[in-house]
Protein chains: 2
Amino acid sequence: MYIGLPLKVTLKLTRAKVKSKITLKDIARELEVSISTVSKALKNSEEISRDTKEKIQAFAKLYNYRPNNIAISLKNKRTKNIGVVIPDIVHHFFTTVIRGIEKYANARGYNVIVCSSDESFDREVINMEMLANGSIDGFIMSLSSETQLKNDYNHLKEVTDQGIPVVLFDRITNEVECDKVIIDDLLGAYTATKKMIDQGRKKIGLITTADYLSVSKARTDGYQKALTEHGLEVDESRILKLSSMEMDEELIQDFFENSDIDALLTVNEIFAVYSMRLAQKKGMRIPEDMSFIGFTDGFLSQYAYPSLTVVAQHGIRMGEVAAQMLIEKVESEAEVETYQTKILEPTLVVRDSTIN
Amino acid sequence: MYIGLPLKVTLKLTRAKVKSKITLKDIARELEVSISTVSKALKNSEEISRDTKEKIQAFAKLYNYRPNNIAISLKNKRTKNIGVVIPDIVHHFFTTVIRGIEKYANARGYNVIVCSSDESFDREVINMEMLANGSIDGFIMSLSSETQLKNDYNHLKEVTDQGIPVVLFDRITNEVECDKVIIDDLLGAYTATKKMIDQGRKKIGLITTADYLSVSKARTDGYQKALTEHGLEVDESRILKLSSMEMDEELIQDFFENSDIDALLTVNEIFAVYSMRLAQKKGMRIPEDMSFIGFTDGFLSQYAYPSLTVVAQHGIRMGEVAAQMLIEKVESEAEVETYQTKILEPTLVVRDSTIN
DNA sequence: TATTAACACGAAACCGTTTTCGTTACATTT
DNA sequence: AAATGTAACGAAAACGGTTTCGTGTTAATA
């Protein structure tokens with residue numbers, strides 16, 4: 001049922017000329033020394049004479065010898081791979097986090113294996129099991145919505161029980177003992193809401209998701225806190241709780257038609273940008289008639305018209321911090337583990353959807 | 001120099017209780033049989049008696065035995081990992097391709113290792129070398145812009161010479177013999193341009209990038225072909241060639257101010273959406289006064305105002321096709337290789353930035 | 001009863017490394 | 001001349017599996 005089916009196929013035949021990878025054994029045979037000597041020579045060991053080392057190193061270079069990672073992993077019981085499991089790879093925030101992870105990890109010689117759970121509990125479990133059997137040294141992950149809904153974290157506990165370090169980011173849980181990185185979602189929502197209050201808005205709406213999503217819960221709390229602290233009552237009719245982060249155009253339209261608001265906070269950028277469109281279609285001017293703030297500083301916010309004021313989550317930074325925490329654990333030999341939760345400060349990026 | 005620095009850090013101490021993974025050896029010792037017997041029993045070999053098999057399987061299940069992937073990889077010389085190297089992970093098109101790759105690959109028991117080259121030749125080489133030493137069974141990749149600029153593909157040739165299958169997608173080259181998947185970029189641009197011509201536009205502009213990027217070249221060609229075929233001359237002053245896919249607001253503003261156009265085709269969605277903003281700021285109505293079409297069917301096009309007509313590249317499909325081609329090669333034992341180039345058909349997704 | 005076949009299991013090689021612990025051969029010391 | 005030291009290298013175990021090829025035991029066959 002796909003559009004975009006193969007249109008043309010061009011073929012070409014070629015005889016394979018496989019000069020497969022050279023191993024220590026090959027070098028040893030060729031140079032009539034033992035495997036151990038070759039191994040040591042290539043590590044520049046003091047044990048081997050200058051002559052022999054030079055000969056072996058030259059030969060290895062000539063034939064472009066590269067040690068086999070798999071063999072080294074088996075021997076060292078260390079893979080230098082980090083497993084990353086995220087709910088959605090087509091989401092700006094998560095991909096910036098991956099970027100941060102890659103940046104830090106690659107610089108330290110680690111590869112990043114990315115799996116997306118697609119917001120599914122089962123896929124999260126399958127992916128983790130797949131990777132946990134030796135493929136990776138540790139996990140960095142953000143929980144799928146289904147996992148947060150089921151509130152079942154046995155797959156995480158199994159992994160940590162095996163001594164595999166885990167760092168949770170953004171969508172976390174208190175049920176698992178491990179390192180965590182989040183932004184202060186409550187503060188972010190609080191700041192955003194306060195910004196709109198300070199601009200004189202009194203009827204501030206919120207589009208969020210059900211409370212089982214840890215981040216939405218915190219953002220909702222921040223929103224309410226800001227209202228309460230500034231003497232505004234929390235009016236449930238101004239809050240739309242979607243069942244997930246998925247776009248639901250109809251519900252948002254309904255909400256927009258039927259609620260009396262002069263400002264809107266949303267837990268992602270799509271909800272906000274879509275709402276702005278609805279407002280514009282109704283002839284409202286932004287930000288004169290209505291203000292908008294979303295979460296996530298992605299392309300959408302940047303290039304929407306008007307551009308959207310957002311709570312930036314600093315995904316790259318979060319990824320770097322997560323990678324740093326994980327690698328530290330992976331490389332540590334400490335008997336006693338200490339788990340940390342790092343809380344990053346969100347930033348309000350002010351654009352044209354709010355009054356300046 | 002980061003914003004979003006750690007705000008709070010909470011600590012927690014816990015004694016590690018590592019019950020490390022159980023191995024065949026452990027089971028053999030415990031049950032007083034040989035390792036080979038355990039291995040066979042767990043594979044339900046006919047060689048082993050029912051009694052023994054049941055005993056061993058029960059024990060393995062009880063202790064949650066899982067074979068070590070690394071050991072299996074070493075033995076089989078097959079990792080069941082696919083290496084994906086893309087220029088940019090924070091880009092909608094590439095991330096949808098990853099999705100397609102993951103979808104197909106996971107269903108067949110393969111993991112996906114994602115590395116981004118960040119449009120850098122060096123990072124592309126490094127990443128490939130890292131993965132080529134045993135970590136993966138094959139590559140799926142899209143060339144970095146720097147690689148296409150340098151026109152240097154030795155790292156790819158080295159890899160294919162070693163017998164590691166490679167599938168190139170989207171940003172490809174004819175210099176390397178391997179499987180390829182692309183969309184018909186020329187046709188996509190042609191269709192889009194024709195669409196605007198059919199609507200009566202006579203002064204169609206193009207924002208593209210320098211020709212070294214394979215896709216931009218093809219799209220530029222398609223644009224020119226459509227013009228020529230319809231009796232319109234190609235006016236260089238209506239073409240803006242940026243040096244890369246990076247956003248350059250100033251150049252686009254200049255172009256927009258100084259060129260006389262009534263329609264605009266761009267090689268990605270950002271250029272188009274940004275241009276729409278400029279048009280709106282000038283008081284133009286879209287699509288009445290001017291039409292816009294971009295490439296890539298991402299969130300931006302979908303939620304821009306007005307929504308953007310685009311040439312959809314079917315990333316998911318492309319990923320699936322690429323994964324399928326790669327896995328076929330990986331699992332094939334054919335002596336003679338046949339290389340294919342599959343060309344997917346792009347689709348015009350018509351929205352509000354063009355007249356219907 | 002001797003031979004053979006089937007059954008059930010184990011020994012050992014192998015994948016490609018690293019690393020420990022010999023073991024030579026020669027030089028140095030007493 | 002005997003003892004010791006050292007430089008330079010190799011053998012072998014180990015990592016955790018798979019797989020081939022025995023081998024001993026029992027049951028079926030001639």
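Just so we're on the same page: letters track the sequence lines, and every chain starts at 1.
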Nearest to the side chain of [X], which nucleotide is it out of [options]?
X: B:Ser49; options: C:dC9, C:dT17, D:dG17; value: C:dC9
X: B:Val33; options: D:dG17, C:dT17, C:dG10; value: C:dG10
X: A:Ser39; options: D:dT18, C:dT19, C:dG16; value: C:dT19

For [N], does OP1 or OP2 lie under 4.0 Å from any side-chain N or O of [X]?
X: A:Tyr65; N: C:dT17; value: yes
X: B:Lys43; N: D:dG17; value: no
X: B:Thr37; N: C:dC9; value: no
X: A:Lys25; N: C:dC15; value: yes

Please state how far atom [atom1] in [X] lies from atom [atom2] in [N], giving the value in whole angstrom units.
X: A:Leu74; N: D:dG16; atom1: CG; atom2: C1'; result: 6 Å
X: B:Leu42; N: D:dT18; atom1: CG; atom2: P; result: 8 Å
X: A:Lys80; N: D:dC15; atom1: NZ; atom2: P; result: 22 Å
X: B:Glu46; N: D:dT19; atom1: CD; atom2: C1'; result: 16 Å
X: B:Glu54; N: C:dC9; atom1: CD; atom2: P; result: 12 Å
X: A:Ile35; N: C:dA13; atom1: CD1; atom2: C1'; result: 14 Å
X: B:Lys77; N: C:dG16; atom1: NZ; atom2: P; result: 4 Å
X: B:Lys53; N: C:dC7; atom1: NZ; atom2: C1'; result: 12 Å

Sugar-phosphate, base or nothing in reach of B:Thr52, heavy atoms under 4.0 Å: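 Sugar-phosphate only.
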Touch class at under 4.0 angstrom, heavy-atom based, for B:Leu24 against every strand present: base
Run the salt-bridge test on [X] and [Y] with the 4.0 Å N-O cut-off and return the result as yes or no.
X: A:Asp88; Y: B:Arg99; result: yes
X: A:Lys150; Y: A:Glu146; result: no
X: A:Arg171; Y: A:Glu119; result: yes

Derivation of the side chain to side chain contact (heavy atoms under 4.5 Å, CB included) call for B:Asp179 and B:Lys329: CA-CA 9 Å; B:Asp179 287 331; B:Lys329 276 282 184 308; 3.0 Å; yes
Student check: side-chain heavy atoms of A:Glu177 and A:Glu337 closer than 4.5 Å: no
Minimum side-chain heavy-atom gap A:Leu326-A:Tyr110 below 4.5 Å: no
A:Lys75 (side chain) and C:dT17 (base): donor-acceptor pair under 3.5 Å: no
Close N or O pairs between protein and nucleotides 20-28 of chain C (under 3.5 Å):
from   : atom 1 : to      : atom 2 : distance (Å)
C:dT20 : O4     : A:Lys40 : NZ     : 3.2

Under 3.5 Å: donor-acceptor pair, side chain of A:Lys53, backbone of A:Ser45: yes
Test item: B:Lys80 side-chain N/O and B:Arg108 main-chain N/O as donor-acceptor pair under 3.5 Å: yes
Pairwise 5' ranking along DNA chain C for B:Ala71 and B:Glu32, keeping only the more 5' one: B:Glu32
